[in-house]
S.K.: 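Before we start, here is the structure in question, set down as structure tokens.
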Amino acid sequence: MINLVKMSLQLFWIIIEDIVNLTTTALKYFPVFRQLLPNTQKKTIYYSRVKGLESISPLLKSIDETPQPILANVKGDFPKWLRGNLLRNGPGKFEFGNDRYNHLFDGMALMHQFRIDDGIITYISKFLHSDAYCINRAHDRIMVSEFGTVAMPDPCKSIFERFTSRFEILDATDNGSVNFALYKGDYYATTETNFIHKVNPHTLETEEKINLTKYIAVNGATAHPHYDPDGTTYNMGNSYGKHGTMYNIIAVPPQMSDDEETLQGAKIVCGFEPVDSLNPSYYHSFGMTKNYIIFVEQPLKINVMKILTSKLRGKSIGSSINWDPELNTIIHVANKHTGEIYNTSPKGFPRRFVLPLNICSNTPIEHNLNTLTYSSASAFRRADGKIWCESEKLYTDDLLNEGGLEFPQINYAKYNTKKYTFFYGCGAGHVVMDSLIKMDLETKTFKIWKEKGYFPSEPIFVPCPDSVEEDDGVILSVVISPDQCKNSMVLLLDAKTFTERGRAEVPAQMPFGFHGVFAKC
């Protein structure tokens with residue numbers, strides 16, 4: 001037994017020595033490996049000047065699911081035509097045993113459903129039965145790494161097994177805690193990895209786990225796909241290969257035959273090449289019009305080498321993402337029907353850019369190429385052939401007092417891929433969103449709903465039946481509060497006047513969430 005221990009220790013130190021020698025050689029001959037070392041340069045730290053904010057810690061903690069329907073206390077006027085399920089998704093459990101996840105994005109997915117039928121509203125919530133959730137629960141400790149947390153080696157393993165596990169590449173999580181996506185008529189709980197889960201929108205039961213890589217050459221996809229009027233779903237994901245990283249645009253056809261697998265027929269429409277294939281940009285979403293895909297490649301960079309060695313270094317995936325303010329923002333444009341790609345180089349948010357598409361060698365230099373009468377944005381062709389875009393502000397300085405906008409939504413059912421006048425979002429005057437805002441893009445003015453002590457979720461627009469005007473409809477938002485004396489609720493606003501029509505209060509705890517959809521019955 002003693003000899004066995006000695007042999008194990010000798011092997012341990014031989015491996016350590018080899019790693020040190022290999023690392024030293026790599027740093028000497030391969031400068032890219034230097035990026036793996038901690039940056040010892042001092043970084044500028046910015047602090048908020050806002051003081052006296054309400055504590056929101058009760059909104060960011062673990063809670064129990066509510067599997068049995070709770071009847072909401074409805075106040076005001078919920079129209080009889082409003083029938084369906086308001087589905088929400090977000091983190092709901094951060095602790096397993098003595099372990100705790102470190103980041104808001106890491107919590108296990110808790111799905112919420114508000115069923116609205118003939119003015120009656122009920123609420124249920126259930127945890128997504130992902131592998132991550134089930135494995136963590138079975139072992140009563142964190143076994144699956146997430147965005148901001150690395151799972152520690154299993155203490156039940158031998159010393160050698162725990163040591164060698166450090167050299168494994170982190171597996172992609174299937175904790176679909178970000179949104180619900182619609183593929184071929186079915187709803188899926190999604191995150192940004194290659195795993196999605198089919199969910200029954202009526203019962204919130206987890207039905208099937210899908211691996212996107214089985215159907216399409218991507219290593220992940222956004223949780224924010226877009227939909228054509230015919231039902232085609234477009235999404236975006238990275239692929240990694242011998243030629244480096246590519247940003248791929250995916251199209252999933254709208255219909256599925258009886259003998260067809262879930263995402264059968266998915267295809268890559270086109271691929272955008274990163275400026276730096278070893279340091280692609282992190283992205284959360286993309287844009288789409290009737291004919292084009294728009295992707296903003298921002299200088300928020302992913303260090304691929306750091307991700308590949310994150311488990312060895314005991315670092316999370318989040319630590320491999322860094323902002324580089326010295327780099328430009330690149331806007332990629334592609335024809336979603338043909339895959340033809342256009343590239344420009346502007347920056348800014350939240351603003352409107354006008355992107356000229358028909359550029360050739362005869363296009364005038366330093367001449368404003370924007371011919372739209374309703375936009376003051378500009379675009380110029382430079383001598384080097386690149387197109388420089390200057391944006392148009394879509395807001396007045398009054399919006400600065402509300403902290404700007406997040407979670408923008410439009411009348412998606414009728415105005416997606418079309419010119420629209422209004423969009424709706426959450427005002428960011430707190431650490432989390434604390435108001436609802438309706439923006440008028442023509443007048444650049446806004447209307448606001450705000451109530452002290454309440455924090456709304458992204459506004460979901462539901463059009464009135466046979467609506468004519470763009471803002472004929474209602475806004476739904478799940479509103480929560482850290483004050484235990486205040487009930488969580490579904491808020492109903494008239495989209496045109498942006499005034500409250502009603503609220504449905506639920507005596508159940510709800511944490512802060514991310515996104516959701518309205519599924520009509």
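The analysis underlying the following values was restricted to heavy atoms, covering all of them including side chains, and did not include hydrogens, waters or symmetry mates.
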S.K.: If you compare all heavy atoms of N179 against all heavy atoms of A223, which two are closest, and at what distance to 0.1 Å?
M.R.: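 Scanning both residues completely, I find the closest heavy atoms to be ND2-O, 3.0 Å.
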S.K.: Applying ring pair (Phe, Tyr, Trp, His ring centres under 6.0 Å), name anything that partners Y187, two or more places apart in sequence or on another chain.
M.R.: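 Per chain and number, Y187 pairs via ring pair (Phe, Tyr, Trp, His ring centres under 6.0 Å) with no residue.
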S.K.: Under a plain distance cut-off of 3.5 Å, with no hydrogens placed, do D174 and H197 share a side-chain donor-acceptor pair?
M.R.: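 The answer is yes; a qualifying pair exists.
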S.K.: Report the C-alpha distance between Y188 and Y183 in whole Å, list the side-chain angles of each, state the deciding distance to 0.1 Å, and finish with yes or no for side chain to side chain contact (heavy atoms under 4.5 Å, CB included).
M.R.: CA-CA 8 Å; Y188 294 84; Y183 291 104; 3.7 Å; yes
S.K.: Please give me the minimum heavy-atom distance between S145 and T173, naming the atom from each residue.
M.R.: O-CB, 3.9 Å
S.K.: Q409 and P459: which non-hydrogen atoms are nearest, and at how many Å?
M.R.: CG-O, 3.0 Å
S.K.: Using distance alone, with no hydrogens and no angle criterion, decide if N235 and T222 have a side-chain donor and acceptor under 3.5 Å apart.
M.R.: yes
S.K.: Residues two or more places apart in sequence or in another chain: which of them pass side chain to side chain donor-acceptor pair (under 3.5 Å) with N238?
M.R.: Y240, Y283
S.K.: Should we say atom OH of Y412 is surrounded by more than 12 heavy atoms from elsewhere, each under 6.0 Å from it?
M.R.: yes
S.K.: Does K414 come within less than 4.0 Å of E470, counting only side-chain N to carboxylate O?
M.R.: no
S.K.: Just by distance, no angles: are the side chains of T191 and T193 close enough, under 3.5 Å, to form a donor-acceptor pair?
M.R.: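 Note: T191 and T193 side chains miss the donor-acceptor criterion.
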S.K.: Of all residues at least two apart in sequence or in a different chain, which pass the side chain to side chain donor-acceptor pair (under 3.5 Å) check with S62?
M.R.: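 With sequence neighbours excluded, S62 shows a side chain to side chain donor-acceptor pair (under 3.5 Å) to E95, given in chain and number order.
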S.K.: What are the two closest heavy atoms between Q509 and I63, and how far apart are they?
M.R.: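 Scanning both residues, the minimum pair turns out to be O-CD1, 3.1 Å.
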S.K.: Is the shortest side-chain N to carboxylate O distance from E451 to K486 below 4.0 Å?
M.R.: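 Salt bridge between E451 and K486, a charged N being under 4.0 Å from a carboxylate O: no.
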S.K.: State, yes or no, whether a side-chain contact exists between N487 and N73 at a heavy-atom distance under 4.5 Å.
M.R.: no
S.K.: Run the salt-bridge test on K301 and D276 with the 4.0 Å N-O cut-off and return the result as yes or no.
M.R.: no
S.K.: Would you kindly say whether E402 and Y395 are connected by a side-chain donor-acceptor distance under 3.5 Å?
M.R.: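 No donor-acceptor contact under 3.5 Å links the two side chains.
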S.K.: Any ring-ring contact (aromatic ring centres under 6.0 Å, His included) involving residues 89-111? Give me the pairs, sequence neighbours left out, ordered by first then second residue.
M.R.: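 Qualifying pairs: H103-F105, H103-F147, F105-F147, F105-F514.
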S.K.: Closest approach of I475 and F461, non-hydrogen atoms and distance?
M.R.: CD1-CD1, 3.8 Å
S.K.: Holding to salt bridge (Lys or Arg N to Asp or Glu O under 4.0 Å), I want the full list of residues that pass it with K496, two or more places apart in sequence or in another chain.
M.R.: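 Listed in chain order: E469, D471, D472.
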S.K.: Between D483 and S481, do the side chains contain an N or O donor and an N or O acceptor separated by less than 3.5 Å?
M.R.: no
S.K.: Please name all residues satisfying side chain to side chain donor-acceptor pair (under 3.5 Å) with S239, sequence neighbours left out, ordered by chain then number.
M.R.: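 Result, side chain to side chain donor-acceptor pair (under 3.5 Å) vs S239: N248.
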S.K.: Applying side chain to side chain contact (heavy atoms under 4.5 Å, CB included), run through F195 and D131 and close with a yes or a no.
M.R.: CA-CA 10 Å; F195 296 111; D131 289 349; over 6 Å; no
S.K.: Where the side chain of D140 meets the backbone of G97, is there a donor-acceptor pair that is under 3.5 Å apart?
M.R.: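 Here the side-chain-to-backbone pair exists.
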S.K.: When you check the side-chain N and O atoms of H202 and Q113, is any donor under 3.5 Å from an acceptor?
M.R.: no
S.K.: So for atom CG, which belongs to D118, do other residues, nucleotides or ligands contribute more than 12 heavy atoms lying within a distance under 6.0 Å?
M.R.: yes
S.K.: Taking the side chain as every heavy atom from C-beta outward, state whether P511 and L110 have any pair of such atoms under 4.5 Å apart.
M.R.: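 Counting from C-beta outward, P511 and L110 do come under 4.5 Å.
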S.K.: Looking just at side-chain N and O atoms, do N211 and N194 make a donor-acceptor pair shorter than 3.5 Å?
M.R.: yes
S.K.: Apply salt bridge (charged side-chain N to carboxylate O under 4.0 Å, His left out) to K444 and E392, showing your working.
M.R.: CA-CA 11 Å; K444 299 182 181 178; E392 170 194 8; 3.0 Å; yes
S.K.: Does CG in D64 sit with more than 12 non-hydrogen atoms of other residues, nucleotides or ligands closer than 6.0 Å?
M.R.: no
S.K.: Fit a plane to each ring of F127 and Y133, take the angle between them on a 0 to 90° scale, and name the class: parallel (under 30°), tilted (30 to 60°) or perpendicular (over 60°).
M.R.: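 Correct class here is parallel.
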S.K.: Please determine which of Y123, F518, F78 meets the ring pair (Phe, Tyr, Trp, His ring centres under 6.0 Å) test together with F114.
M.R.: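 Testing each of Y123, F518, F78 against F114, the sole residue satisfying ring pair (Phe, Tyr, Trp, His ring centres under 6.0 Å) is Y123.
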